[in-house]
Every structure is written in structure tokens, then in C-alpha cells.
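Below is one structure, written out as C-alpha cells; the observations come after it.
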Amino acid sequence: MVAALKAGYRHIDCAAAYGNEAEVGAAIAESLAAGVCTRADLFITSKLWVTSCSEPALIREALEKTLANLKLDYLNLYLVHWPFFIKPGASFPPPVSDCLGYSAESYLATWRELEAAVDAGKLRHIGCSNMTVAKLTALCAPGRARIQPAVNQVESHPFLPQAPLLAFCAARGILLQAFSPLGSPARPARLITEGDPAPLAEPAVIAAAAKHGVSPAQVLIRWQVQRGVVVLPKSTTPERIAANLDVFRFALDEADLAALAKLAEGEGCKRTNKGSTFVQNLPGGWRDAWDGEYIN
Ligand code: A2P
């Protein structure tokens with residue numbers, strides 16, 4: 001974290017579920033004290049975990065805990081981590097009996113609490129994660145969300161460009177944010193399925209990198225920047241952290257973009273994070289989770 005702030009990053013994407021907000025908070029405090037940046041320079045996001053979504057008191061408690069851990073009095077952005085809620089206190093991964101699933105009404109009730117936290121000055125913006133066009137449409141319908149979502153954070157890389165969702169969000173002023181932009185190569189075993197895409201090892205990505213004298217990761221990050229998607233590469237390696245920000249001295253050209261566009265063609269699921277854990281209660285499992293949007 002300290003290396004990232006020193007390298008020039010100002011947008012920090014946290015979540016209670018990552019289990020490291022106290023460490024991130026300490027790093028932010030250290031960097032502010034050292035004059036690396038000011039609080040006003042930073043854009044700090046966190047996410048409400050699925051076991052805290054279904055009761056107003058739990059939502060308030062979760063936000064207070066995140067603020068305390070991060071040593072902040074407000075967040076720039078707070079996201080509902082997944083639209084599929086899980087019973088409070090459930091173990092993780094949850095047993096099927098603890099999967100509450102998605103309901104537009106439950107999601108709206110959670111959203112009302114986040115709106116109240118905006119009114120109270122604890123949140124500057126609120127947003128969603130892992131939402132589809134259908135679910136966003138329900139949330140944003142007249143008479144429903146009073147404060148529109150600022151962001152929808154979803155998995156995206158050239159195998160999963162999320163083109164229809166990006167167009168929908170752009171038309172409504174919702175920023176799309178990309179998690180796992182490198183294909184999450186070190187993800188946990190439970191998220192690995194045979195045939196999953198591996199963007200960093202993809203020949204078209206490697207060829208574009210060689211052509212521009214950059215790394216495959218820089219190609220994947222630059223690709224999102226050029227499409228107006230907020231990109232969230234994760235690294236614990238200081239050299240990679242610095243390199244992943246150094247994507248503003250080259251541009252992918254039409255030929256590169258055409259080669260990358262081919263990666264999304266064809267059938268098959270291109271998601272590495274299918275959400276299976278959260279939707280064990282749905283008859284079709286993860287395929288029922290995405291309202292048909294699991295390809296691209
Ligand atoms: P590390 O933390 O060891 O640097 P994603 O953002 O898609 O979830 O991917 C994160 C993973 O990608 C981490 O395991 C991270 O490893 C690795 N990673 C981050 N930056 C690079 C890079 N520039 N080149 C190769 N791998 C990278």
C-alpha cells in the first residue's frame with residue numbers, strides 16, 4: 001500500500017471481505033503523516049459484505065467497522081459486494097441453507113441504508129458490484145434508488161469485455177470498474193475451472209506487448225483505460241505496482257484492438273469468478289446468477 005501511494009496511485013479498492021482493512025488503514029495513516037498525499041487526494045472504496053446486507057443494524061455496524069479499520073471518517077465509495085446475500089453469521093463458503101439469493105426488494109432495502117449513510121456524510125458515493133443489466137434496471141427504476149449507483153464493479157478483461165453492460169452503464173452515467181483485469185492468475189483453487197481464460201499468457205496480448213515494448217499486464221490495463229473502464233490491477237510486488245501504473249506513454253492501435261476483440265468471440269463462460277459460492281440455492285447454479293450475461 002505504501003509502495004502504491006508512493007508510486008502515485010490514489011484510488012484504493014478495499015473490501016471488508018479482503019480481511020486487511022486494518023493494515024490498509026495503517027498504511028494510509030502512515031502515508032498521510034509522511035506527507036505522501038492528503039486525504040483529499042485519495043479516492044477510497046470499500047464494500048459491504050454479503051453477510052451484513054440483510055439487516056439495517058448490521059449494515060451500519062459493518063460500515064462503522066470499515067471506517068474504524070481504515071481510520072477514516074468517510075469513504076469516497078461504498079459498494080454492495082455481491083447481489084446474492086448470505087445469512088448473517090454464516091460460515092464461508094456458506095452451506096446452501098444459508099444462501100439467501102437475490103431479490104430486488106432486499107437489494108433496495110440495503111440500498112436505502114447506504115443512501116442514509118450518504119445523507120449522514122459517511123459516504124460520498126454508493127455503487128454496486130457483480131450486477132447485471134437486469135438487476136441495475138430494477139434498482140434504477142423510477143421510485144426506487146433515490147441516489148443512483150455511481151459504479152458497477154465487475155470482472156473484466158479481453159475475454160470478458162462486458163460490452164453490453166458497459167454500454168448500458170455509460171448511457172446512465174454509471175462507471176464500470178474492472179476487477180481481475182489480468183485474469184486473476186493467483187486466485188484461490190476454488191475459483192479455478194479447466195479452460196478458464198489466461199489473459200497474461202494469451203498470444204495476442206503478448207504480441208501487442210512486444211510491439212509496444214511493454215509487458216502483457218500493461219497491455220491489459222491500457223486496453224481498459226482506452227475503453228473508459230476504471231481498472232483495478234492488484235499486485236503485492238513493488239516493481240509490478242509501479243509498472244502497472246505506467247500505461248500512459250503508449251496507446252493500443254486499431255490492429256491491437258481488433259486482435260484483442262477476437263478473444264471474446266465464441267461460446268463458453270469467460271468468467272473466472274462465477275459467483276458459484278453465493279448461488280448454491282439457484283437451480284442452475286452460477287448460470288442462473290448472471291441473467292444470461294456470463295459470456296461477454
Ligand atoms: P503479485 O501480487 O505477486 O504481483 P488481478 O488483478 O487480475 O486479480 O491479478 C492479480 C494477480 O496478478 C496477482 O497474483 C499479481 O501477483 C499478478 N500481477 C500483478 N501485476 C502483474 C504484472 N505486471 N505481471 C504479471 N503478474 C502480475
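Indexing begins at 1, ligand by ligand and atom by atom, following the structure's order. Here, residue 1 is the first one in the sequence, and each next residue gets the next number.
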Note the single closest protein heavy atom to [atom], along with its residue, its atom name and the distance in Å.
atom	answer
atom 14 (O) of ligand 1	Ala186 CB, 3.2 Å
atom 20 (N) of ligand 1	Asn244 ND2, 3.0 Å
atom 16 (O) of ligand 1	Arg240 NH1, 3.2 Å

Ion pair Lys270/Glu155, N-O distance below 4.0 Å: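 Looking at Lys270 and Glu155, the cut-off is not met.
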
What part of Pro181 sits under 4.0 Å from ligand 1 if we count only heavy atoms: the side chain, the backbone, both or neither?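 Answer for Pro181: both.
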
Under 4.0 Å, heavy-atom basis, I'd like to know which part of Ala217 is in contact with ligand 1: side chain, backbone, both or neither.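 The answer is the side chain of Ala217.
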
Could you list the atoms of ligand 1 found under 4.0 angstrom from a heavy atom of [X]?
X	value
Pro233	6 (O)
Ser235	1 (P), 2 (O), 4 (O), 19 (C), 20 (N)
Leu182	7 (O), 9 (O), 12 (O), 18 (N), 19 (C), 20 (N), 21 (C), 27 (C)
Thr237	1 (P), 3 (O), 4 (O)
Pro185	9 (O), 11 (C), 12 (O)

Ser106 and Phe85: which non-hydrogen atoms are nearest, and at how many Å?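 Looks like O-CE1, 3.8 Å.
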
On a heavy-atom basis, which atom in Leu166 and which in Arg227 lie closest, and how many Å separate them?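 What the structure gives for the nearest pair is CD2-NH1, 3.7 Å.
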
Is ligand 1 less than 4.0 angstrom away from at least one heavy atom of Gly183?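 Distance cut 4.0 Å: Gly183 passes for ligand 1.
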
Using the test ring-ring contact (aromatic ring centres under 6.0 Å, His included), find all partners of His212 that sit at least two apart in sequence or belong to another chain.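 Result, ring-ring contact (aromatic ring centres under 6.0 Å, His included) vs His212: Phe250.
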
Would you say Val80 and Ile126 make side-chain contact, with heavy atoms under 4.5 Å?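 They are not in contact (no side-chain heavy atoms under 4.5 Å apart), so the answer is no.
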
I'd like to check Leu182 versus His157 (side-chain heavy atoms, cut-off strictly below 4.5 Å). Are they in contact?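 No; the side chains remain at least 4.5 Å from each other.
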
Of Arg187, Glu239, Lys234, which has the heavy atom at the shortest distance from atom 10 (C) of ligand 1?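 Closest candidate by heavy-atom distance is Lys234.
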
For Tyr74, is the NZ or CZ atom of Arg39 found under 6.0 angstrom from the centre of its six-membered ring and inside 45 degrees of the ring axis?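 Yes, Arg39 lies over the aromatic ring of Tyr74.
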
Under 4.5 Å between side-chain heavy atoms, chaining through other members, with only Ile, Leu, Val, Met, Phe, Trp and Tyr counted: pull out the rest of the cluster around Tyr9, sorted by chain and number.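 Cluster partners of Tyr9: Ile241, Leu245.
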
